[in-house]
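Here the structure is laid out as structure tokens; the discussion comes afterwards.
Note that the structure is predicted; figures quoted are calculated from it, not measured. Reminder, nothing fancy here: chain letters follow the sequence lines and each chain counts from 1.
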There are 2 protein chains.
Amino acid sequence: MTQLKPFHHGDLKRVLFDVALARLDEHGAGGVTIRAVAKAAGVSHGAPVNHYKDRRALLTAIAKAQFDALLTEIDSRLEELGEDCEPRIEIVASAMMDFGFRYPHRYRLLWSADLIDHTDAELLSVMDRIYDRLCTEFSKAVPGRKFDKDTYAVALWSMVHGYVDMRLSGMFEPLNDSISGAPRGEAIIDMFKGFLA
Amino acid sequence: MTQLKPFHHGDLKRVLFDVALARLDEHGAGGVTIRAVAKAAGVSHGAPVNHYKDRRALLTAIAKAQFDALLTEIDSRLEELGEDCEPRIEIVASAMMDFGFRYPHRYRLLWSADLIDHTDAELLSVMDRIYDRLCTEFSKAVPGRKFDKDTYAVALWSMVHGYVDMRLSGMFEPLNDSISGAPRGEAIIDMFKGFLA
DNA sequence: GCTCTATATAGACACTGTCAATATAATGTC
DNA sequence: GACATTATATTGACAGTGTCTATATAGAGC
């Protein structure tokens, strides 16, 4: 029998994660404090340490889950598209962009070196897999070019990341006008694609 | 006569700025606390409020100064080069990149929406002037192209910013191997230039 | 001399992360 | 069953933080 308020929560790790993610979306990473999360989860401020050793570990876990979700989304879109070579690079790029504009605080967290641990092995692993998707598409799309596929992949990912990051800082144009920040975002991806054609 | 420790510091605003900048370079933005800066400046923790109304204002002032310095550097390099059209875009891009790799914490601060005020009029003004430099070069370099100069400017700035930002997160390759992060950075700029040729 | 303003101090408040000591629940072992 | 061990949660403390208040002093204007 589960009591109304058992001493052992049972699923606290998951609840802490969910609460932290909700607070991230609503208040930004600054709103994800150990004490606020614990309070929202209905436990004392000392409870979370049993599941996340410190705030950094909690935020890193959230970041990792976001990269996982992004990779899943990319693979899902790629699979849906089949092996038509040409538009596949756009798919990877626009999936990243869509994610950034849909979840600005989550996206910002992914690149906050002061908040998460960018040397975490699992985090690096999923980032590498995303990077591999880009490289794979480029090695198919531009076989005999001046620069190697890594340069193309780095350039495109950099461009997409830089665009999202600067837009989230209010640069170029306000975010409100379109949820996906599409017009200019699509334009620069088109431009990049055009360069390869 | 200046006493050894006069009540009125006389130049506290400047000292606070300098101390804060030094702490930023050494410890990152997290090390720039009002109390630590006040202590290093030899005043009480309540003194800074007379010169910077809160921590955000202090960090925003520092950010503004960095953009000013970057613009000055860009203009200096452009002037040195003369009106040869072709390599001027590279100059703007590499000046940004050099700044980012030389002063990682300063660069990171420029895009920390939670730490500085990106609606500050003076800040926006100097950012606009940097953006204008890019646009000017593109309007000279690519007169009759498929995309307007803003798209090129946004794309290049995004690419450069994204590359620096991700490298500062440890992405792609370690920062240690070269202070300027040059090889891949030069490659992606070359690639962009090549697209326009 | 005086007043007014700018500037600095000191203390308080409500937060924060993290650690240590303690208490309780759950699990494994006999 | 009883007992020891481990996992989990509570509570309190500590050193920080930004920011607000009340207070004190310096300097400038008259």
Side-chain angles (χ1 to χ4, degrees), chain A residues 1-20 22-24 26-63 105 109 112-117 120, chain B residues 1-20 22-24 26-63 105 109 112-117 120:
Chain A
M1 283 290 294
T2 61
Q3 302 169 247
L4 265 97
K5 198 172 164 62
F7 189 85
H8 276 192
H9 189 290
D11 203 16
L12 183 54
K13 185 165 189 172
R14 157 86 31 150
V15 172
L16 290 173
F17 183 96
D18 293 342
V19 165
R23 290 190 65 85
L24 174 65
E26 193 169 2
H27 304 107
V32 183
T33 68
I34 291 290
R35 294 174 105 105
V37 168
K39 189 172 195 174
V43 294
S44 72
H45 66 267
V49 77
N50 298 301
H51 306 281
Y52 300 99
K53 87 170 206 295
D54 54 17
R55 181 174 182 244
R56 192 179 191 76
L58 171 60
L59 291 173
T60 302
I62 291 181
H105 290 122
L109 177 67
S112 298
D114 48 334
L115 297 179
I116 73 172
D117 178 13
D120 180 276
Chain B
M1 284 289 294
T2 61
Q3 302 171 246
L4 266 98
K5 200 172 164 57
F7 189 85
H8 276 191
H9 190 289
D11 202 17
L12 183 54
K13 184 165 189 172
R14 157 88 29 153
V15 173
L16 290 173
F17 183 96
D18 293 342
V19 165
R23 290 190 65 86
L24 174 63
E26 194 169 3
H27 304 107
V32 183
T33 68
I34 291 289
R35 296 175 104 104
V37 168
K39 190 173 196 174
V43 294
S44 73
H45 67 268
V49 77
N50 297 302
H51 306 281
Y52 300 99
K53 86 170 208 294
D54 54 17
R55 182 175 181 242
R56 192 179 191 76
L58 171 59
L59 291 173
T60 302
I62 292 180
H105 291 123
L109 177 67
S112 299
D114 47 334
L115 297 180
I116 73 172
D117 177 14
D120 180 276

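- H105(A) NE2 to I62(A) CD1: the interatomic distance, rounded to the nearest 0.5 Å, is 13.0 Å.
- Qualifying side-chain contact (heavy atoms from CB on, under 4.5 Å) partners for A22(A), counting only residues two or more places apart in sequence or in other chains: none.
- Atom-to-atom, CG of L16(B) to P of dG18(D) comes out at 13 Å; the value is rounded to the nearest Å.
- The distance from atom CG of L115(B) to atom P of dT17(D) is 15 Å, rounded to the nearest whole Å.
- For the pair L59(A) CG and dT16(C) C1', the interatomic distance rounds to 14 Å; values are reported in whole Å.
- Partner of L59(B) under the side chain to side chain contact (heavy atoms under 4.5 Å, CB included) criterion, out of L109(B), D54(B), D117(B): L109(B) alone.
- Here the C1' atom of nucleotide dC15(C) and the CZ atom of R23(A) are 13 Å apart, to the nearest Å.
- Between the CG atom in L115(A) and the CG atom in L24(A) there is a gap of 9.5 Å [rounded to 0.5 Å].
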Would you mind writing out the side-chain donor-acceptor pairs for residues 26-52 of chain A within the sub-3.5 Å range, not counting sequence neighbours?
unit_1	atom_1	unit_2	atom_2	d
T33(A)	OG1	A36(A)	N	3.0
N50(A)	ND2	A47(A)	O	3.2

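- The stretch residues 46-58 of chain A touches DNA chain D through G46(A), A47(A), N50(A), H51(A), each having a heavy atom within less than 4.0 Å of the strand.
- In this structure, the CG atom of L12(B) is 16 Å from the P atom of dA26(D), given to the nearest Å.
- Spacing between atom NZ of K39(A) and atom P of dA9(D) amounts to 19 Å, rounded to whole angstrom units.
- Atoms CZ and CD1, from R56(A) and I116(A) in turn, are 8.0 Å apart once rounded to the nearest 0.5 Å.
- Set against dT18(C), dT10(D), dT19(D), the side chain of H45(B) has dT19(D) as its closest nucleotide.
- With dT19(D), dA8(C), dT11(D) as the choices, the nucleotide that has an atom nearest any side-chain atom of R35(B) turns out to be dT19(D).
- Between the CG atom of D114(B) and the C1' atom of dG18(D) there is a distance of 15 Å, rounded to whole Å.
- Taking only side-chain nitrogens and oxygens, T33(B) comes nearer than 4.0 Å to OP1 or OP2 of dT17(D).
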